[in-house]
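Here's the structure, in structure tokens; my notes come after.
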Amino acid sequence: MMGSNKKRILYLEDDEFTRLMVQAQFENAGFSVDAFSTYSDLMRAIQEKQYDLVVTDLHVDGHEPEQLVKNIKTSQPIPVVVLSGSAVEVQGANLVLEKPLNGQNIKKVAGLLAEEVAEVDLSKVYKFACGDQELLITYVNTFIDNHEKDLLLLKAEVDKADARTIKNYAHKMLSSVSYYDQDELNQLLQKLELYASDMSKKQLNEHFLQIEHYSHKLLNGIRKQVIA
């Protein structure tokens, strides 16, 4: 499925039989999987290696699923899939799937890992860099680092539903994103800046996931043009 460049999944499940079965399903589908049975082992692994996605059981080591997802995304801003024995909603999760996994669910996970790349117009940044390619690379690297940090900070404020701070972060992110002519991302950030006070916590979470999605497309597009 993915050749030699396999996507790396970090998987957390405290039941040994389920862990072995699900790990085998993902590996048969072409993923590289590191599987762990405890939360502490998972967090140690995510701090030591770079992963593309985390899959976790709903309840592990007594941790609340929302807090677990938040802790994972604070360590690495990557998609998180939650597996559950019944239909539930987990704030912050990119996908919640009912167990046992089937082929359709595996495809949904693969869909999260499909690299989506935005068409990025770098002319404004290039002009700002006065045509200097090295300076352009410095600017876009700084933007990528700052935008990834801002996403984490924005997510923390969304979790607290602090509308005033959310609006401030949205305004800050808009200022830098505007150089890259990304209409969808601009509109999402503008809406957050204007209407965060009127949005429920669920709406804020759903809105943030859209911002996160289009942000990753933008960053992938920049990396493809400038850094690769």
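- Side chains of V81 and N94 form no contact here, defined as non-hydrogen atoms less than 4.5 Å apart.
- A side-chain N or O of E27 and one of Q23 form a donor-acceptor pair less than 3.5 Å apart.
- Neither side chain, Q190 nor N186, offers a donor N or O lying under 3.5 Å from an acceptor on the other.
- Checked by atom type, the side-chain pair D41/T38 shows a donor-acceptor distance below 3.5 Å.
- A salt bridge links K155 with D159: the distance from a Lys NZ or Arg NE/NH1/NH2 to an Asp or Glu carboxylate oxygen falls below 4.0 Å.
- Nearest heavy-atom pair across M199 and Q203 is CA-OE1, 3.3 Å.
- Scanning all heavy atoms of the two residues, the minimum distance from A129 to L135 falls at O-CD2, 3.7 Å.
- A salt bridge links K99 with D57: at least one charged nitrogen is closer than 4.0 Å to a carboxylate oxygen.
- Note: the hydrophobic cluster containing L95 does not contain L42 (ILVMFWY, side chain heavy atoms under 4.5 Å, direct or indirect links).
- Other members of the hydrophobic cluster containing Y195, listed by chain and number, are L194; membership follows side-chain contacts under 4.5 Å among ILVMFWY residues, whether direct or relayed.
- Salt-bridge check for E98 with K108: failed, with every basic side-chain N at 4.0 Å or more from each acidic carboxylate O.
- Within the model, atoms CG of L188 and CG of L192 stand 8.5 Å from one another, a figure rounded to the nearest 0.5 Å.
- When atom types are taken as modelled, the side chain of Q91 and the backbone of N205 share no donor-acceptor pair closer than 3.5 angstrom.
- S75 and M43 get closest at one heavy-atom pair: OG-CE, 3.2 Å.
- No donor-acceptor pair closer than 3.5 Å links the side chain of R8 to the backbone N or O of L53.
- Note that the CG atom of L58 and the CG atom of L97 stand 12.0 Å from one another [nearest 0.5 Å].
- Residues forming a salt bridge (Lys or Arg N to Asp or Glu O under 4.0 Å) with D52 (at least two apart in sequence, or on another chain): none.
- Listed by first and then second residue, the salt bridge (charged side-chain N to carboxylate O under 4.0 Å, His left out) pairs that reach into residues 64-79 are K73-E212, sequence neighbours excluded.
- Legend: salt bridge (charged side-chain N to carboxylate O under 4.0 Å, His left out) pairs involving residues 15-25, not counting sequence neighbours: none detected.
- Residues I9 and L68 are members of separate hydrophobic clusters, defined by side-chain heavy-atom contacts under 4.5 angstrom among Ile, Leu, Val, Met, Phe, Trp and Tyr.
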Yes or no on side chain to side chain contact (heavy atoms under 4.5 Å, CB included) for V55 and L10, after CA distance, side-chain angles and deciding distance?
-> CA-CA 6 Å; V55 178; L10 183 57; over 6 Å; no
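- Listed by first and then second residue, the side-chain hydrogen bond (donor to acceptor under 3.5 Å, both in side chains) pairs that reach into residues 163-179 are D150-K172, D162-T165, K167-S197, H171-E193, sequence neighbours excluded.
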Given salt bridge (charged side-chain N to carboxylate O under 4.0 Å, His left out), test K217 with E184 step by step and report yes or no.
-> CA-CA 11 Å; K217 285 182 65 175; E184 296 93 344; 5.8 Å; no
Would you please test V177 and F143 for side chain to side chain contact (heavy atoms under 4.5 Å, CB included) and show each step?
-> CA-CA 9 Å; V177 168; F143 168 76; 4.2 Å; yes
Dump the intermediate steps for side chain to side chain contact (heavy atoms under 4.5 Å, CB included) on L185 and I211, then the final yes or no.
-> CA-CA 6 Å; L185 185 53; I211 290 172; 4.0 Å; yes
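- Of all non-hydrogen atoms in H147 and S215, the two that sit nearest each other are NE2-OG, 2.8 Å.
- Pairs engaging residues 117-132 under the salt bridge (charged side-chain N to carboxylate O under 4.0 Å, His left out) rule: K124-D181 [sequence neighbours left out].
- Residues V109 and L83 share a hydrophobic cluster, clusters being chains of Ile/Leu/Val/Met/Phe/Trp/Tyr side chains in contact below 4.5 Å.
- Ring orientation note: the planes of F31 and F26 are nearly perpendicular, at an angle over 60° on the 30°/60° scale.
- In the hydrophobic clustering of this structure, M173 groups with V140; members are Ile, Leu, Val, Met, Phe, Trp, Tyr whose side-chain heavy atoms approach within less than 4.5 Å, directly or through other members.
- Note that NZ of K7 is 11.5 Å distant from CD1 of I78, once rounded to the nearest 0.5 Å.
- Side chains of Y39 and D14: no donor on one and acceptor on the other come within 3.5 Å.
- The same ILVMFWY cluster, assembled from side-chain heavy atoms under 4.5 Å apart, contains both V120 and L151.
- For F36 and Y11, the ring centers sit 6.0 Å or farther from each other.
- Between Y51 and A45 the shortest heavy-atom distance is CE1-O, 3.6 Å.
- When every heavy atom of L12 is checked against every heavy atom of S37, the shortest pair comes out as CD1-C, 3.8 Å.
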